Structures are given as C-alpha cells and as structure tokens.
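These notes are about the structure you will find just below.
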Amino acid sequence: MTQRLRIATWNINSLRLRLPLLPRLIGALDPDVICLQETKVPDELFPVDAPAELGFPHVAYAGMKGYNGVAILSRIPLQRQTTAPDWCAKGDSRHVSVLLDMKSGPVELHDFYVPAGGDIPDREENPKYGHKLDFVGEATSWFAGRKDLARTVLVGDLNIAPLEHDVWNHKQLLDVVSHTPPETSGLLAWQNTRFHDAVRHFVPEDQKLYTWWSYRNRDWRASNRGRRLDHVWVTPDLKDGLASHTILKDARDWPQTSDHVPVCVELEV
DNA sequence: ATGGTGGGCTCCCCA
C-alpha cells in the first residue's frame with residue numbers, strides 16, 4: 001500500500017510579491033507539498049491565510065526581514081522538526097524541516113536555501129564565499145552524523161551546479177561562484193552522506209539541465225545560459241519509489257516571475 | 001563587454 005508524494009521546490013524570490021503565481025504552480029504540477037526559498041518575509045508578516053485558501057493548510061516556515069526565508073506548504077499533515085543546528089550560528093532563516101504524516105509512516109523533509117556566496121571565489125577576499133563553503137561543510141557533517149537517516153527528502157536552492165552539464169559552459173564557469181571545484185566537491189560530499197540525486201535519476205548526466213536563468217539576459221531562452229541550482233535528493237530507501245520529475249521551464253515566462261523555476265519530483269512511498 | 005535586471009528597503013543591501 002503506497003501513497004503518492006509529489007514535492008515541488010521553488011526559489012520564489014519574495015513570497016508576498018509572487019503569491020499570485022502559486023495557483024499557476026499548483027495548476028501545472030498538482031503538488032502535495034511546496035517547498036519555497038527566498039520568501040523574504042518575517043514570520044510575523046507571513047500571509048497565514050493564503051496557504052489554506054490554496055488547499056495547503058499545513059505549513060512550516062522560518063523567515064526574517066528582507067532576506068532569505070524558507071517555507072513548506074502541505075496538503076499532508078506535518079510536524080515541524082527542531083533538531084537541526086543554527087547553521088553557521090547566523091540565525092538567518094535558511095532551513096526548515098518537517099515530518100510528513102504518510103500512511104506508510106513519517107517521511108522527513110528538509111528545505112534548504114544555501115548562501116549564494118557573493119561574486120569572488122576566494123575566502124579571504126570574500127567572506128560570503130567562505131560562509132557558503134562553511135554552510136555546506138556543516139550540513140555535510142550533520143547529515144553524516146545522522147546514522148538513523150531514512151525515508152528522507154532534501155530539497156532546495158542549494159546555489160551550486162555540481163555536474164559538468166549542470167551549467168551552460170563548464171570550463172567558463174569553473175571560476176564562477178556556483179560551479180567552482182570547492183563548491184561542487186563540497187556539494188557532492190554532502191550528497192554522499194546518503195542521498196541520491198532524484199532529478200539526475202531521470203535525466204542522464206550528459207544532458208544539459210538548468211533550473212535558473214539570470215534576470216540579466218535580454219532573452220533567457222535564446223541565450224540559454226542556465227545553471228542547475230535547485231535540487232531534490234532522496235535517501236536510498238526512497239529510490240525505488242521515484243516515479244517522475246518535472247522542471248517547469250514555462251514558469252520562467254510567467255509575469256513578474258522568479259529567476260528560478262519550480263522543480264518537482266513524484267514518489268510512491 | 002565587467003554591463004545587464006530584479007526585490008527589499010533605505011539612501012544601498014542582496015541575488
């Protein structure tokens with residue numbers, strides 16, 4: 001007896017501004033759970049009535065003023081978890097996790113917004129780059145220490161394109177923050193704490209695959225200088241249940257949209 | 001070619 005679990009993740013780049021786009025996402029993907037990043041809304045200003053009106057009455061969120069912020073909107077009942085540390089001791093609203101009440105038992109779900117890391121790929125010159133690498137390192141250590149980790153999904157804007165064909169030009173981007181060797185090796189080390197890349201499960205590694213296109217392009221589709229920054233990972237016990245995936249490229253043309261597009265994975269659990 | 005665009009929020013940060 002399995003149950004469908006369809007999880008969408010989207011860097012929405014301001015929840016309040018783009019709330020009108022969520023019905024489009026729901027119409028296109030019919031998700032059971034929506035994980036958002038860069039909500040940019042403090043908890044006291046979170047639009048508390050909106051999720052239930054969209055059919056997602058169960059929520060968990062962590063926000064702050066102006067920057068960052070994550071939220072999980074769910075059709076499935078959930079319990080918030082408070083076991084993870086305050087990453088890099090910054091209290092900067094980059095992670096929320098829950099247990100989803102599936103019929104077969106709980107599924108653990110983590111929603112991350114990894115620091116973007118600034119422009120200069122050097123720890124000394126650019127503390128934001130160091131913060132990013134430290135964040136990934138802390139997350140790696142924490143998940144490596146979770147010896148009981150099972151039935152777990154990790155999603156989010158991880159701000160790193162780990163594979164050669166996760167960027168439009170591998171060689172040209174090797175010194176561009178998001179695709180530098182310390183970042184890509186760090187992200188794969190995190191993934192190797194037990195996770196399986198649920199999107200590359202469906203798309204061979206030699207095929208180009210992007211989830212983000214800069215605002216700073218006249219025609220994002222024509223130039224197609226994308227990067228795969230948004231990810232869905234699952235623990236091995238969920239791998240056999242992987243049913244399908246969608247990268248909702250159409251969303252990049254929605255009115256007043258985000259520079260990221262939604263990524264969705266369906267599982268049977 | 002070192003720009004370009006966009007969101008939040010305040011006289012500039014961040015992506």
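Numbered from 1 within each chain, the chains take letters A, B, ... in sequence-line order. All values below come from the heavy atoms of this structure, side chains included, with hydrogens, waters and symmetry mates left out. Computed from a predicted structure; not experimentally measured.
Note: CG (A:D119) to C1' (B:dT2) measures 10 Å, nearest angstrom. What separates CH2 of A:W212 from C1' of B:dC14 is a distance of 14 Å, to the nearest Å. Following rounding to the nearest Å, A:R218 (CZ) and B:dA1 (P) show an atom-to-atom distance of 18 Å. Taking atom CG on A:D259 and atom C1' on B:dG8, their separation rounds to 14 Å, with Å as the unit. Between A:M64 atom CE and B:dC14 atom P there is a gap of 11 Å when expressed in whole angstrom units. The distance from atom OH of A:Y215 to atom C1' of B:dG7 is 8 Å, rounded to the nearest whole Å. In this structure, A:N13 atom CG and B:dG6 atom P are separated by 11 Å, rounded to whole Å. Put simply, CD1 on A:I120 is 12 Å from C1' on B:dT2, counting in whole angstrom units.
For the pair A:W142/A:T193, no side-chain contact is recorded, criterion being any heavy-atom separation below 4.5 Å from C-beta on. For the pair A:L174 and A:H170, the minimum side-chain heavy-atom distance is below 4.5 Å.
For B:dC12 and B:dA1, the P atoms lie 31 Å apart once the distance is rounded to whole Å. When the P atom is compared between B:dC14 and B:dC9, the two are found 14 Å apart, to the nearest whole Å. For the P atom pair drawn from B:dT2 and B:dC13, the interatomic distance equals 22 Å after rounding to whole Å.
Relative to the side chain of A:A116, the nucleotides B:dT10, B:dA15, B:dG8 differ in distance, and B:dA15 lies closest. Among the nucleotides B:dG4, B:dC9, B:dG7, the one closest to any side-chain atom of A:R216 is B:dG4. For A:Y113, counting side-chain heavy atoms from C-beta on, the closest listed nucleotide (B:dT10, B:dG7, B:dA15) is B:dA15.
Note on A:K128: a side-chain N or O is less than 4.0 Å away from OP1 or OP2 of B:dA15. Side-chain N/O atoms of A:K65 include one lying less than 4.0 angstrom from OP1 or OP2 on B:dT10.
A cation-pi arrangement is present between A:R225 and A:W168 under the rule of less than 6.0 angstrom and at most 45 degrees off the ring axis.
In this structure, A:S14 and A:N68 both approach DNA chain B, and ranking their closest nucleotides by distance from the 5' end singles out A:S14. Nearest-nucleotide mapping onto DNA chain B: of A:P115 and A:T257, the residue sitting toward the 5' end is A:T257.
By the 30° and 60° cut-offs, the orientation of the rings of A:F143 relative to A:W87 is parallel.
Within the nucleic acid shown, A:R18 comes within 4.0 Å of sugar-phosphate atoms alone, with no base atom in reach, counting heavy atoms only.
Classification of A:R4 and A:D32 as a salt-bridged pair holds, one side-chain N sitting under 4.0 Å from a carboxylate O.
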